[in-house]
Amino acid sequence: MEITLGVNIDHVATIRQARRTVEPDPVQAAVLAELAGADGITVHLREDRRHIQDRDVRLLRQTVRTHLNLEMAATKEMVAIALEIKPNYVTLVPERREEVTTEGGLNVAAQERHLAEVTDALQSAGIPVSLFIDADPAQIEASVKVKAQFIELHTGRYAEAPNATLQQKELAVLTQGCELARASGLRVNAGHGLTYWNVHPIACIPGMEELNIGHTIISRAVLVGFDRAVREMKQAIRGL
Ligand code: PXP
C-alpha cells in the first residue's frame, strides 16, 4: 500500500495571524491541498492559539473530504474540543509555550496513566489516537501499554542530522522503531522536519503509513502555489 500524505496547514494560519486578519484562510488551503492529492489534512490547535484557531478546526471538520488529524496536547480543554469536533484521529503531542515548534516526542513512559486515560476517553468516543514519540523502544512499549492505535515517529533528528553518516544512523533508528512498533500491533506514521529533499528514504521504511508534512510544503506554496507544492511532495514521496 502506498504511503499517504497528511498536509499540515498550520503555517497558512501563521501568515494570517501575523496580521490577525482573515487571509489566507486555512480552510481554503485544505480544499486546494485535497484537490492536489493530499490524503489528509493535519492541524495543531495549540493552547496559545498562535496559528490555528477553534473556528478553523470547526470549519475543517465540515469541509475536509479526506481525513482530519487534530494534533493537540493531552489537556482537559483539548480533549473536550476533540470529543465535540470528532476529528478522524487525534495525535497527542507535547507542548511548551516558549517553543518555536514541537521540539521532541512525548515522554509516554513518564505519564502512562494520564495518557492511558486521555487515549481511552478519545478512543471510546470512536476517535483513534496517535502518540508523537521518538523511535525509542521504551516509548514504543509505553505506547502499547497506553493502548494507542497509532504512533507518529518524530523525524526531527533525522531531518536535522549534520551529515550523511549521522542521517543514515537516524534512518536506521526510525526503521527499527517502525518494525518494533508494527510487531507490537501499533500502526505507524511519521513527521517533523521532512522536506522535498529528505522525504523519500522515510517513505521507503517498510510498514510506514502516513507522513505529516507542513513547513516545507507551505514554504514552496508561497512561491509556486499550493496545488503544485502538494503535487511535487506526492512525487518526492515516490522518489520522483
Ligand atoms: N508532526 C507533528 C506531530 C508536528 O507537531 C509537526 C509540526 O507541527 C509536524 C508533523 C510537521 O512538521 P513540519 O512542519 O516540520 O513538516
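Every heavy atom of this structure was used, including side-chain atoms; hydrogens, water molecules and symmetry mates were not.
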Contact between [X] and [Y] at the side-chain level, heavy atoms closer than 4.5 Å - yes or no?
X	Y	result
E179	P206	no
L106	L131	yes
E23	Q28	no
L92	S130	no
V57	L60	no
L194	T216	no
Y89	Q149	no
M78	L45	yes

Between [Y] and [X], is the closest basic N to carboxylate O distance under 4.0 Å?
X	Y	value
E232	R220	yes
R157	E170	yes
E71	R46	no
D56	R61	no
R187	E210	no
D10	R50	no

task = Look at the rings of H215 and H11 and say which category their plane angle falls in: under 30° parallel, 30 to 60° tilted, over 60° perpendicular.
result = perpendicular

Flag yes if more than 12 heavy atoms outside [X] fall under 6.0 Å of its [atom1] atom; otherwise flag no.
X	atom1	result
E209	CD	yes
R19	CZ	no
K169	NZ	no

What distance separates [X] [atom1] from [Y] [atom2], expressed to the nearest 0.5 Å?
X	Y	atom1	atom2	answer
L5	N212	CG	CG	8.0 Å
N189	L211	CG	CG	8.0 Å
T21	I15	OG1	CD1	12.5 Å
K234	I213	NZ	CD1	10.0 Å
I85	L68	CD1	CG	8.5 Å
F150	L186	CZ	CG	10.0 Å

Any donor-acceptor N/O pair, H114 side chain to A74 backbone, under 3.5 Å =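 Checked: pair present.
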
key: Check against side chain to side chain donor-acceptor pair (under 3.5 Å), D39 and T66   = CA-CA 6 Å; D39 303 289; T66 52; over 6 Å; no

key: Result of checking I52, I9, N8 against T42 for side-chain contact (heavy atoms from CB on, under 4.5 Å)   = N8

ask   = What's the verdict on salt bridge (Lys or Arg N to Asp or Glu O under 4.0 Å) for E47 and K76, showing C-alpha distance, side-chain angles and the deciding distance?
value = CA-CA 11 Å; E47 201 185 358; K76 238 178 163 170; over 6 Å; no

key: Atom of P94, atom of G104 and distance for their closest heavy-atom approach   = CG-O, 3.0 Å

task = Examine the side chains of E95 and H44 and answer whether a donor and an acceptor come within less than 3.5 Å of each other.
result =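 Checked: E95/H44 side chains pair up, N/O donor to acceptor below 3.5 Å.
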
request  = Starting from the C-alpha separation in whole Å, work towards a yes-or-no answer on side-chain contact (heavy atoms from CB on, under 4.5 Å) for E152 and H192.
outcome  = CA-CA 10 Å; E152 178 173 333; H192 207 283; 5.7 Å; no

request  = Begin with the C-alpha distance, continue with both residues' side-chain angles, and end with the deciding distance and a verdict on side-chain contact (heavy atoms from CB on, under 4.5 Å) for V188 and R182.
outcome  = CA-CA 7 Å; V188 184; R182 298 279 301 192; 3.9 Å; yes

